[in-house]
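These notes concern the structure reproduced below.
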Amino acid sequence: MLKVDDVSIHFAGRDGRAVHALDHVSLEIPDKGFLVALGTSGCGKSSLLNAIAGFLPVSDGAITLNGRPITGPGRDRGVVFQKDTLLPWKSVADNVALGLKFAGVARAERRTRAEELLALVGLEDFGRAYPYELSGGMRQRVGIARALATDPDVLLMDEPFGALDSLTRENMQELLVRVWDRTGKRIFFITHSIDEALLLGTEVVVMSPRPGRIVARFDLDYVRDFARDGDTHAIKSRADFSALGEEIRAIIHRSDLRSLAA
């Protein structure tokens, strides 16, 4: 279980001013949970993800993974960023295996693991390629494979498909659901897209403007239908999917989100 327990985050901004990013946020991600955080820019979604990753300390409350406090980065959490952070001078396979190299895993084992993960994300023929030879969607696939290389308990994804065109984004959503279904990883995913949140999450939390608070929670099953049938059009055409999307849109656009969160 990943548990965020009554977490608040304050830090100094680039201009030196105090930033109150999160206020008393609590959530849990169980085994094979796929939790999506949804909200406007600046609502603290990325701050929450960075705190779970161990990149940002919490000011109050605690974050634990399997009962152990998170106090810094660790191999039990893999991160996929908004933009790929691949090393351009290394091959695709070497990028995937980078974390394993830092962990002291032998070269042969690193190579085998990289090949397995590239096959999982549909890039088994591109291990010797370099990042500049790949499309944006393919580079994000490499990023997912790299995040999985150390076999983390949780996969943290910070708007990984936001910069992709709509068709590539749909393909990446389908890929991610296959990976989630096959690996059973817990996933924490943040997005601005309501449709993406509904399609992917077993739970969606809606966050208020800064300081970020959770103002609504929804337990969902669409992702399980997606994993089984792979038909996004059929899911998005459902009346209940559209109605829930409108309900969430109305929540996000309400002017009194802070009072809802109180």
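Hydrogens, waters and symmetry mates play no part in the numbers below; they use all other heavy atoms, side chains included. Along the sequence shown, residues carry numbers from 1. Predicted model, so just to flag it, every value in this text is computed and none were measured.
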For Val105, all residues meeting side chain to side chain contact (heavy atoms under 4.5 Å, CB included), sequence neighbours excluded: Leu100, Ala103, Glu109, Arg110
Which residues satisfy the side chain to side chain contact (heavy atoms under 4.5 Å, CB included) test with Arg182, sequence neighbours excluded?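 So Arg182 forms a side chain to side chain contact (heavy atoms under 4.5 Å, CB included) with Leu120, Arg178.
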Single hit among Leu156, Val204, Val80, Leu176 for side chain to side chain contact (heavy atoms under 4.5 Å, CB included) with Phe189: Leu176
Residues two or more places apart in sequence or in another chain: which of them pass side chain to side chain donor-acceptor pair (under 3.5 Å) with [X]?
{"X": "Ser47", "result": "none"}
{"X": "Glu170", "result": "none"}
{"X": "Glu196", "result": "Arg169, Gln173, Thr191"}

Smallest separation among heavy atoms of [X] and [Y], with atom names:
{"X": "Ala93", "Y": "Leu118", "answer": "CA-CD1, 4.2 Å"}
{"X": "Ile187", "Y": "Ile29", "answer": "O-CD1, 4.0 Å"}
{"X": "Val92", "Y": "Phe126", "answer": "CB-O, 3.2 Å"}
{"X": "Leu134", "Y": "Ala129", "answer": "CD2-CB, 4.3 Å"}
{"X": "Ala147", "Y": "Pro152", "answer": "O-CG, 3.3 Å"}
{"X": "Thr150", "Y": "Gly99", "answer": "CG2-C, 4.2 Å"}

Can you check whether [X] reaches [Y] side chain to side chain, under 4.5 Å on heavy atoms?
{"X": "Ile190", "Y": "Val36", "result": "no"}
{"X": "Val177", "Y": "Leu200", "result": "yes"}
{"X": "Ile252", "Y": "Val206", "result": "yes"}
{"X": "Leu48", "Y": "Val25", "result": "yes"}
{"X": "Val7", "Y": "Asp60", "result": "no"}
{"X": "Val96", "Y": "Val142", "result": "yes"}
{"X": "Met138", "Y": "Val121", "result": "no"}

Is there a path of hydrophobic side-chain contacts, each under 4.5 Å between heavy atoms, that joins Val79 and Phe102?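 No, separate clusters.
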Cluster overlap Leu117 with Leu98, hydrophobic side-chain contacts below 4.5 Å: no
Do side-chain atoms of Arg146 reach the backbone of Thr85 as a donor and acceptor pair under 3.5 angstrom?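 Pair found, side chain donor or acceptor close to backbone of Thr85.
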Checking the side chain of Ser26 only, and the main-chain atoms of Asp6 only, is there a donor and an acceptor separated by less than 3.5 Å? yes
Within this structure, what is the [atom1]-[atom2] distance for the pair [X] and [Y], rounded to the nearest 0.5 Å?
{"X": "Ile194", "Y": "Ile251", "atom1": "CD1", "atom2": "CD1", "result": "9.5 Å"}
{"X": "Thr183", "Y": "Leu155", "atom1": "OG1", "atom2": "CG", "result": "7.5 Å"}
{"X": "Asp23", "Y": "Ser8", "atom1": "CG", "atom2": "OG", "result": "4.5 Å"}
{"X": "Arg210", "Y": "Thr40", "atom1": "CZ", "atom2": "OG1", "result": "9.5 Å"}
{"X": "Asp94", "Y": "Leu87", "atom1": "CG", "atom2": "CG", "result": "9.5 Å"}
{"X": "Phe81", "Y": "Leu49", "atom1": "CZ", "atom2": "CG", "result": "8.5 Å"}

Extract all donor-acceptor atom pairs below 3.5 Å that involve side chains of residues 229-236 and protein atoms in other chains or at least two apart in sequence.
from, atom 1, to, atom 2, distance (Å)
Asp231, OD1, His233, N, 3.3
Asp231, OD1, Ala234, N, 3.1

Where at least one partner belongs to residues 6-28, residue pairs that pass ring-ring contact (aromatic ring centres under 6.0 Å, His included), sequence neighbours excluded: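 As it turns out, the ring-ring contact (aromatic ring centres under 6.0 Å, His included) pairs with a partner in residues 6-28, which skip direct neighbours, are His10-His20.
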Residues Leu35, Val205; criterion side chain to side chain contact (heavy atoms under 4.5 Å, CB included); working and verdict: CA-CA 8 Å; Leu35 191 146; Val205 296; 3.9 Å; yes
Does a side-chain N-to-carboxylate-O contact under 4.0 Å join Arg228 and Asp221? no
Side chains of residues 158-165: which donor-acceptor partners sit under 3.5 Å, not counting sequence neighbours?
from, atom 1, to, atom 2, distance (Å)
Asp158, OD1, Ser46, OG, 3.2
Asp158, OD1, Gln82, NE2, 3.4
Asp158, OD2, Ser46, OG, 3.4
Glu159, OE1, His192, ND1, 2.6
Asp165, OD1, Leu167, N, 3.2
Asp165, OD1, Thr168, N, 2.9
Asp165, OD1, Thr168, OG1, 3.1
Asp165, OD2, Thr168, OG1, 2.7

For the pair Tyr222 and Phe241, name the ring-plane relationship: parallel under 30°, tilted 30 to 60°, perpendicular over 60°.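 Aromatic pair Tyr222/Phe241 classed perpendicular.
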Please, which pairs that meet salt bridge (Lys or Arg N to Asp or Glu O under 4.0 Å) have at least one residue in residues 77-93, sequence neighbours excluded? Asp84-Arg139
Which residue pairs pass the salt bridge (Lys or Arg N to Asp or Glu O under 4.0 Å) test when at least one of the two sits in residues 32-53, sequence neighbours left out? Lys32-Asp181
For Asp31 and Lys185: C-alpha separation, side-chain torsions, deciding distance, then whether salt bridge (Lys or Arg N to Asp or Glu O under 4.0 Å) applies. CA-CA 7 Å; Asp31 184 41; Lys185 297 295 181 186; over 6 Å; no
Side chain to side chain contact (heavy atoms under 4.5 Å, CB included) between Glu116 and Thr112, worked out: CA-CA 6 Å; Glu116 293 171 350; Thr112 298; 3.7 Å; yes
Which residue pairs pass the side chain to side chain donor-acceptor pair (under 3.5 Å) test with at least one member in residues 119-136, sequence neighbours excluded?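 Sorted pair list comes back empty.
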Apply side chain to side chain contact (heavy atoms under 4.5 Å, CB included) to the pair Arg213 and Ser208, showing each step before the final yes or no. CA-CA 5 Å; Arg213 302 182 179 100; Ser208 72; 3.7 Å; yes
Could you check whether atom CZ of Phe55 has more than 12 heavy atoms from other residues, nucleotides or ligands sitting under 6.0 Å from it? yes
For residues 62-75, dump all side-chain donor-acceptor pairs below 3.5 Å to protein atoms at least two apart in sequence or in another chain.
from, atom 1, to, atom 2, distance (Å)
Asn66, OD1, Met1, N, 3.0
Asn66, OD1, Arg186, NH2, 3.3
Asn66, ND2, Asp153, OD2, 3.1

Using the side chain to side chain contact (heavy atoms under 4.5 Å, CB included) rule, take Phe218 and Ile248 through it: C-alpha gap first, then chi angles, then the decisive distance, then the call. CA-CA 9 Å; Phe218 299 89; Ile248 292 175; 3.7 Å; yes
